[in-house]
Amino acid sequence: MPAAPDSEAPAALAVLTPAAFAAARGQAAHALLEGLNAEQRAAVTLPAEHALILAGAGSGKTRVLTTRIAWLLQTGQVSPGGVLAVTFTNKAAREMQARLAAMLPLNARGMWMGTFHGLANRLLRTHWKAAGLPQSFQVLDVQDQLAAIKRLCKQFNVDEERWPARQLQWFINGCKEEGLRPPDVPVKDADSRRKVELYELYEQQCQREGVADFGELMLRSYELLRDHADLRGHYRQRFAHILIDEFQDTNRLQYAWIKMLAGLPQAGAHPGEPSPERTGGTIMAVGDDDQSIYAFRGARVGNMADFVREFGVRHQIKLEQNYRSHGHILHAANLLISHNQRRLGKNLRTALGAGEPVRVLQAPSDFAEAEWVVDEIRHLVREGGLPRQQIAVLYRSNAQSRAIESQLFNAGVPYRVYGGLRFFERAEIKHALAWLRLLLNPADDTSFLRVVNFPPRGIGARTLEQLQDAARAAHAPLHQAVPALTGRARANLAAFTGLIATLRQQAQGQTLDQVVELVVEGSGLADHYRAEKDGQERLENLQELASAAQAFAQQEGFGRDAVALPPAAPQMDAGMEAGLPAEMDAQAAPASEPAAGEPPLAAFLTHAALEAGDNQAQAGQDAVQLMTVHASKGLEFEAVFITGLEEGIFPHDNAQASPDGLEEERRLMYVAITRARQRLYLSHAQVRMLHGQTRYNVRSRFLDEMPDEALKWLTPKNPGRSLAEDETFGSAGRRFGLNAGPNAGLNAGLGERAWRPMPDAARAAALPSATANTREGAPIRAGMQVFHNKFGEGAVLEIQGTADDAKARIEFKRHGVKLLALAVAQLTPLP
DNA sequence: TGATACACGCTTTTT
DNA sequence: GCGTGTATCA
């Protein structure tokens with residue numbers, strides 16, 4: 001179907017009138033527009049000029065993006081090779097690819113579609129020489145990077161107290177995200193000078209070892225284009241259309257990278273830069289400033305405004321028609337986000353009708369909150385007929401999942417927790433990958449140190465220190481320094497390096513999954529885990545790694561019998577010193593296709609670093625989904641619970657210091673709300689166990705920033721409103737009470753929870769209705785006997801303060817004297 | 001050299 | 001409350 005050559009079609013089409021345009025394009029192209037609304041259609045069919053699409057939550061953003069690409073191809077405005085489509089996550093990239101494939105019978109291989117880092121990697125693999133990297137450079141993930149920094153710090157006797165490795169890592173990544181090399185970093189004091197020094201040393205170490213961290217992929221590929229006019233010219237000409245997803249999440253470097261590719265050099269950033277060469281492609285940036293929730297890791301919403309200004313963007317389209325949520329939910333979201341000052345401005349609308357009101361619960365404790373959530377979930381599944389996987393429980397921080405998990409577990413409701421250890425991050429997998437990396441590159445000292453004594457082979461810290469000293473003295477990688485040692489240390493190390501050499505030999509001519517199995521067995525990893533009593537799962541994961549390798553080889557089209565390793569001895573130590581620009585210029589401008597010709601093993605290792613994989617805990621089962629609000633972005637569910645809506649938790653304490661922080665928290669809440677299709681439940685608890693301490697929290701301000709008419713409080717919002725009045729869903733309150741009995745029995749039966757359900761008396765006292773009475777009706781006075789749902793029975797010694805600030809000093813029978821705020825503490829007077 | 005004990009700290013997270 | 005990482009001991 002496609003594809004006139006890049007050059008000819010666009011100009012011709014751009015000047016046609018809409019009518020002529022419509023007549024000219026094929027029927028197939030026309031069909032692409034079916035079912036799109038006016039805004040979406042306008043975005044898809046924009047002329048070839050820079051554009052910003054403000055795509056609200058649930059407004060069909062991905063659809064617009066993919067249809068736009070299909071449209072460009074179908075109308076012959078661009079060939080697949082002329083498209084560059086960038087996303088943040090592999091998942092988003094895969095989704096885009098799949099949807100496009102469904103739309104067009106097209107081999108998307110020629111298209112550059114992927115994550116920022118994936119595409120940066122592709123550039124660097126293709127032009128490794130020009131970029132000054134060894135051909136088979138390895139990618140360091142976060143863990144590897146931290147290990148590398150720790151090693152560096154040890155070597156240079158850095159005071160771990162003053163400069164914690166984590167902090168250095170954060171500093172280095174921050175610099176790279178800003179596009180700053182060590183000489184560019186402003187130095188304020190001795191402390192920052194030292195940090196910059198270490199940054200520089202770290203870079204040298206990476207260069208020596210032939211590895212690149214995530215930030216390096218971006219920065220190095222940016223510099224590659226900046227410093228090589230021929231390459232820059234080539235790619236600018238090639239990529240006629242650049243499409244960027246989640247533009248509000250781009251950091252400074254990513255935007256600069258886009259500018260470099262699109263032909264708008266960063267003005268003034270580099271004096272040597274010739275005047276702007278505006279020969280690049282057209283950018284379509286898609287994003288939503290209201291969903292910018294990654295400022296903490298460098299995302300810069302300001303890039304949206306900068307883009308409009310710097311590129312003179314004339315086309316801005318807002319997608320405000322929401323296809324996901326019912327009216328009350330959307331109304332709540334709209335009003336909440338309107339409390340933010342700094343927005344581009346957007347108001348979502350839906351055609352789905354008002355739907356159910358948003359239900360809000362005040363629970364006496366986190367435990368009760370969880371209990372209520374589980375009750376509602378069972379109700380939704382049983383009576384509402386909802387599949388469990390269409391129900392999500394969201395929370396601000398991971399620590400909050402525990403309470404919900406326990407309750408779901410006790411109730412026997414299947415659930416899946418997102419986040420946590422991903423497949424390629426597991427220790428046993430990292431070990432196996434380190435062995436594999438050493439086959440390819442024995443100079444990879446990070447990998448060397450990871451497995452030199454794992455499984456244990458009698459090489460201790462002492463020996464390694466000697467080895468590192470020797471290597472340093474010789475300016476050589478660790479494996480080359482082995483002969484410098486003596487005695488048993490040397491023998492043990494030689495056995496290790498010998499084993500690697502042997503494995504490399506045996507791996508010759510084998511396929512990727514065979515090599516993986518060979519290494520898992522030959523390294524002793526398998527035996528080690530077989531001997532361990534809890535090693536079964538790890539063994540299975542290693543088995544899984546071989547399967548993953550096989551799947552990968554197939555997916556990448558390496559053919560069934562493709563040999564994993566290059567036949568010749570791998571190139572390594574040579575050519576790792578800084579790359580030589582002169583040499584690169586000699587290299588011909590890139591051929592059209594960038595298939596870097598990486599051997600399967602190298603490609604697989606890159607894949608493992610660039611894509612951490614899922615944590616497939618209970619995948620596949622019909623399970624309730626538990627995740628942080630951050631993790632929920634981009635997803636949707638029929639029913640959503642947002643828990644822990646308390647000041648200090650959501651919005652989080654650490655974010656309240658600055659207005660910006662608070663606005664980001666509010667956007668986070670906005671994201672959470674807009675995940676829900678039909679039903680939304682919000683809850684907060686008066687007492688919560690957090691980090692082993694009891695906290696009394698005031699309800700989140702966000703609850704007061706949503707419209708009353710869209711909310712339905714299941715417990716009284718203001719003291720005095722009674723639960724029983726609630727007809728439709730008041731049963732929630734009652735059910736909540738009634739279920740206490742059977743549930744308590746169930747819990748008791750399953751035993752050994754540290755935080756068993758409250759005794760019935762306490763439970764009754766903790767029920768919302770009882771609460772209301774307490775707070776409104778029966779004032780607490782000195783001398784009274786009271787019941788507290790955590791501390792039990794106690795005597796009120798005195799009352800301090802008045803009104804909302806009133807506190808009671810209470811002597812509890814088992815917990816001593818406590819000072820509790822009457823406004824929050826659940827106190828029931830006892831006769 | 002390996003195993004166990006005790007601080008420590010702790011928002012969010014993709015690549 | 002729990003996992004991680006270092007310190008110390010056998």
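It should be emphasised that the depicted structure is a prediction, and the values quoted were computed from it without experimental measurement. First the proteins, then the strands, lettered A, B, ... as listed; each starts at 1.
The aromatic rings of His630(A) and Tyr294(A) sit tilted, their planes meeting at an angle between 30° and 60°.
Pairs passing the ring pair (Phe, Tyr, Trp, His ring centres under 6.0 Å) check and including a residue from residues 448-469 of chain A, sequence neighbours excluded, read His431(A)-Phe454(A), Phe448(A)-Phe496(A), Phe454(A)-His528(A). Listed by first and then second residue, the side-chain hydrogen bond (donor to acceptor under 3.5 Å, both in side chains) pairs that reach into residues 453-466 of chain A come to none, sequence neighbours excluded.
A salt bridge links Lys633(A) with Asp249(A): at least one charged nitrogen is closer than 4.0 Å to a carboxylate oxygen.
Atom C1' of dG3(C) sits at a distance of 22 Å from the matching atom of dT14(B), rounded to the whole Å.
No side-chain heavy atom of Tyr395(A) sits less than 4.5 Å from a side-chain heavy atom of Val629(A).
In this structure, a donor-acceptor pair under 3.5 Å is absent between the side chains of Arg437(A) and Thr446(A). Arg538(A) and Asn541(A) are not linked by any side-chain donor-acceptor pair at a separation below 3.5 angstrom, with hydrogens and angles left out of the test.
Among residues two or more places apart in sequence or in another chain, the ring-ring contact (aromatic ring centres under 6.0 Å, His included) test is passed with Tyr199(A) by none.
Tested against Glu646(A), the residues Arg688(A), Arg396(A), Arg699(A) include a single salt bridge (charged side-chain N to carboxylate O under 4.0 Å, His left out) partner, Arg688(A).
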Extract from the structure each pairing of a protein N or O with an N or O of nucleotides 6-8 of chain B at less than 3.5 Å, listing the distance.
none

Where do N or O atoms of nucleotides 8-10 of chain C meet protein N or O atoms at under 3.5 Å, pair by pair?
none

Exercise for the section: Quick one, give me the B/S/- string for nucleotides 9-15 of chain B, reading 5' to 3', where B means a protein heavy atom under 4.0 Å from the base and S means that only happens at the primed atoms, P, OP1 or OP2. Expected result: -BBBBBB

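If you check every strand for non-hydrogen atoms under 4.0 Å, Asn453(A) touches sugar and phosphate atoms only. Among the heavy atoms of the strands lying under 4.0 Å from Ile459(A) are primed sugar atoms or P, OP1, OP2 only; no base atom is included.
Among all heavy-atom pairs drawn from Met111(A) and Arg122(A), the shortest one is O-NH1, 3.8 Å.
Base orientation of dT11(B): syn, since the glycosidic angle falls within 90° of 0.
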